[in-house]
4 protein chains.
Amino acid sequence: MQPDQPVRTGRAKRLPRAVRERQIMDAAVDVFSRLGFHAASMDEISEVAGISKPMLYAYLGSKEELFATCIRREATVMMEAIANGIEPDQPPDVQLWSGLRAFFGFVGENRASWQVLHRQASSQGGPFAAELAEMRGRAVNLVAALLVHATKTQDVPSASEQEAESLAAALVGAGESLADWWLDHPDEPAGVVASRLMNLVWMGFGDLVQGNIWHPPSKRP
Amino acid sequence: MQPDQPVRTGRAKRLPRAVRERQIMDAAVDVFSRLGFHAASMDEISEVAGISKPMLYAYLGSKEELFATCIRREATVMMEAIANGIEPDQPPDVQLWSGLRAFFGFVGENRASWQVLHRQASSQGGPFAAELAEMRGRAVNLVAALLVHATKTQDVPSASEQEAESLAAALVGAGESLADWWLDHPDEPAGVVASRLMNLVWMGFGDLVQGNIWHPPSKRP
Amino acid sequence: MQPDQPVRTGRAKRLPRAVRERQIMDAAVDVFSRLGFHAASMDEISEVAGISKPMLYAYLGSKEELFATCIRREATVMMEAIANGIEPDQPPDVQLWSGLRAFFGFVGENRASWQVLHRQASSQGGPFAAELAEMRGRAVNLVAALLVHATKTQDVPSASEQEAESLAAALVGAGESLADWWLDHPDEPAGVVASRLMNLVWMGFGDLVQGNIWHPPSKRP
Amino acid sequence: MQPDQPVRTGRAKRLPRAVRERQIMDAAVDVFSRLGFHAASMDEISEVAGISKPMLYAYLGSKEELFATCIRREATVMMEAIANGIEPDQPPDVQLWSGLRAFFGFVGENRASWQVLHRQASSQGGPFAAELAEMRGRAVNLVAALLVHATKTQDVPSASEQEAESLAAALVGAGESLADWWLDHPDEPAGVVASRLMNLVWMGFGDLVQGNIWHPPSKRP
DNA sequence: TATGAATGAGGATTCATTCAT
DNA sequence: CATGAATGAATCCTCATTCAT
């Protein structure tokens, strides 16, 4: 991400605060994603960012605050990417499909962000639990809303809130897990992976084992 | 779990080695599950175990070895629980169903074990990556095998290995995520949660939104 | 040496790195010489140096690195003192004599340095063996070269390399041992001690017991 | 020394105290010589000795006591070997020669003993200083007495006590150093090494560089 | 503002030594 | 007598955090 980080030397140029902050957070995301929260040291982050440690503290507070800020930023960016990807005013399956595509697209292009969000964040029990639970909660709610909406358009008793939420949680987990799997098998294109998950959650194994497959609408007759 | 940890005082009673070892590992699982690998200190583990640190090292080796041993033990126990729960010689859906029931049953009754396995373990990059990847890999392979087997009994082109593996990874992730969700909503019975996941992965949303639901065989005509 | 080490309190004054480094190494040599490598603790060294342990590590690395650095510094200083003391272009006996004078002069004025070099260093088997063997080796080679040179100016079959080396080793050992003895009998002047060794190795007991004594050239007729 | 130490198992046979003690001290000398005082652990010593740690303590006290006892025993044995080797009623040079032969003979056949005495012992500042100083002092005195005796048989003013002692110290140091050198060049026979030292200290470099060599009496006309 | 210098606090690990069986 | 089990007390080392320039 920051190729060829030259050994910093001398005094850093004065930069507008916003730019500095971005610079620092990029470095932090890089380091956190590589080493995890605990193993990452403020020393390394400041080095990668090209500034001195006191600046780090002046700009972004303690290590925990910095981590939380990173999480928030990355999560927001990702959620926006997904939200932008979803095509509203389309039937539920198409909405889901576009959401999945956006998600895997984002992961593919922002590995570091994804790793910070998923791997590092989920394990740190303490002060991030809240932060993260909220982030993840947003994703789950998005999916749950979609499910509820889909149910309502049908003539079936709408699912209970708990049910929708739990199904959404499962779906989100499936996405996360599949994204991780994908990182270890990067040769497959994003679309293929997304379509697998789409088939799993929309058609179910029951159909899949019978050869019934879900296709994007453009390919449908 | 061990509320009111009394301050240990005096010399610990002499116990045969095997007993002490189990005692220590139970304590370790408890602490690791609460705090995560890094935040857990050998001091606290030894305190919870009711022994001195040197015993910890004498019996279980370094912190990393201890952690790995915990993971192995918990994973083995869980995998056995699931394997025992699966009813062989049944159609694929029933096998899957029984596996899911066993899984959620285990999680419900062994929260600490589950947390060590899922949350703590997934993030520690270092020497546990291998250990854990293998454990999770076993679970994924179990599911993948089931999928492949299901496909073969049908008259469809059997899924590629990659496809089966990725679907299995997704399913496992869904299970993990749902199990976590469940820990935050403990009022629901295990069976209900398991059945939700079963419906999701077997029927798919496509069916669910139309009111089609999967039922355990005993309820089928 | 530093009696009444006052309890350090408050923050140490800011000093340029080079100065601090010297200060620390002086302290380290002091402590190592008094206690030996193993018994010396980084805690005590940092206390004597008047700084906190983290500075110790920041500046000089691990305990082993610190020790090795001390050895190197002291050995270099001593070897330079000796090399500077030797008068080249003089007959072998005069060269030897000036070397011995320089050696005892150095030991007399740098007791701590000497003790680190001799007592502490020789026993630590581990990573210093190499370091030290090299240092001592240099001294031995210096003497051996002198011997070989002396032989060549005469009309005798020049000594084998092994022979020269072993004799040099013996001489160096005699010097070391005599220096140690001297530390316990500090009332004798350096010149007297040096002259005793000179007589021993140049004249030999055979002459000594007959009253034949070696004199510095200025006193010769 | 104790080849093929079998893993001890079960209860040690009851043995008379003296035998046990020897067994333990042999093990201790072995371990101390290999690892040095600090690095040697009571655990390893007890293992090598084939008994349990409490026995170690029961028989030989603390680690320091054990070490001191080892030193004493080895030193005594060595001193006896040398004393036995010296031929009394012979001229001083022959006495010295026989003493040197005995010394190098002992070192060659008891490397472990020698290493404990020389390398390990000299560096441990604390409680062994006394012990060791005394041992070494005995050797020095032996040599000093020889020198004084030699002087008296001549018609020269007998050397001062200090002078004799310092010369003896130098000679002992030369012997030690040469013995160490020999350990690193074991291909040379003991006699050759001894004779080198004899020539150095009896004839002196002054004679050696002129080709004058000391020969054992049997070869003299 | 920007930083080199400095530290308090804590964590893993080892060892000599001793009970209790 | 002989031992497996147990521990107090150190020791090395690291890191988040802050002062003083």
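Naming convention: chains lettered A, B, ... in sequence-line order (proteins, then strands); numbering from 1 in each chain. Predicted model, so just to flag it, every value in this text is computed and none were measured. Just so you know, these numbers use all the heavy atoms, side chains as well, and skip hydrogens, waters and symmetry mates.
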Fill in the blank from the handout: Its contact letters, B for base, S for sugar-phosphate only and - for none at protein heavy atoms under 4.0 Å, make nucleotides 14-21 of chain F read BBSBBBBS
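One can place CG of C/Leu56 at 12 Å from P of E/dA6, the figure rounded to the nearest angstrom. Summarising the geometry, the separation between CD on B/Glu44 and C1' on E/dA12 is reported as 15 Å, rounded to the nearest angstrom. Across the protein-nucleic acid pair, C/Glu47 atom CD and E/dG8 atom C1' stand 14 Å apart, rounded to whole Å. Protein atom CD1 of B/Ile51 is 12 Å distant from nucleotide atom P of F/dG8, rounded to whole Å. Following rounding to the nearest Å, D/Leu66 (CG) and E/dC15 (C1') show an atom-to-atom distance of 15 Å. The separation between B/Met55 atom CE and F/dG8 atom P is 12 Å, rounded to whole Å. Counting to the nearest Å, the P atom of F/dT11 and the CD1 atom of C/Ile45 are 12 Å from each other. Rounding to whole angstrom units, CD of residue B/Glu21 and P of F/dA6 are separated by 11 Å.
Taking 4.5 Å as the limit, every side-chain heavy atom of A/Met135 sits out of range of all side-chain heavy atoms of A/Leu117. Counting heavy atoms from C-beta outward, D/Arg73 and D/Asp26 have side chains that approach closer than 4.5 Å. No side-chain heavy atom of A/Glu21 sits less than 4.5 Å from a side-chain heavy atom of A/Thr69. Taking 4.5 Å as the limit, some side-chain heavy atom of C/Val29 sits within range of a side-chain heavy atom of C/Glu74. Side-chain contact between A/Leu56 and A/Met42 is present, with heavy atoms from C-beta onward closer than 4.5 Å.
In the helix from E/dA2-F/dT21 to E/dT21-F/dA2, the end axes, each obtained as the rotation axis mapping the C1' atoms of four pairs onto the next four within a five-pair block, lie 20° apart to the nearest 10 degrees.
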Exercise for the section: Take B/Glu44 and B/Arg34, measure what salt bridge (charged side-chain N to carboxylate O under 4.0 Å, His left out) needs, and give me the verdict at the end. Expected result: CA-CA 11 Å; B/Glu44 175 152 6; B/Arg34 278 192 286 112; 3.6 Å; yes
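Smallest separation of non-hydrogen atoms from D/Ser46 and D/Ser52: CB-C, 4.2 Å.
In the displayed structure, C/Arg22 atom CZ is contacted under 6.0 Å by at most 12 heavy atoms of other residues, nucleotides or ligands.
An OP1 or OP2 oxygen of E/dA6 is reached within less than 4.0 angstrom by a side-chain nitrogen or oxygen of C/Tyr59.
With the nearest nucleotide of DNA chain F identified for both B/Arg20 and D/Arg17, D/Arg17 has the one nearer the 5' end.
For the atom pair C/Ile45 CD1 and C/Phe32 CZ, the distance stands at 4.0 Å (nearest 0.5 Å).
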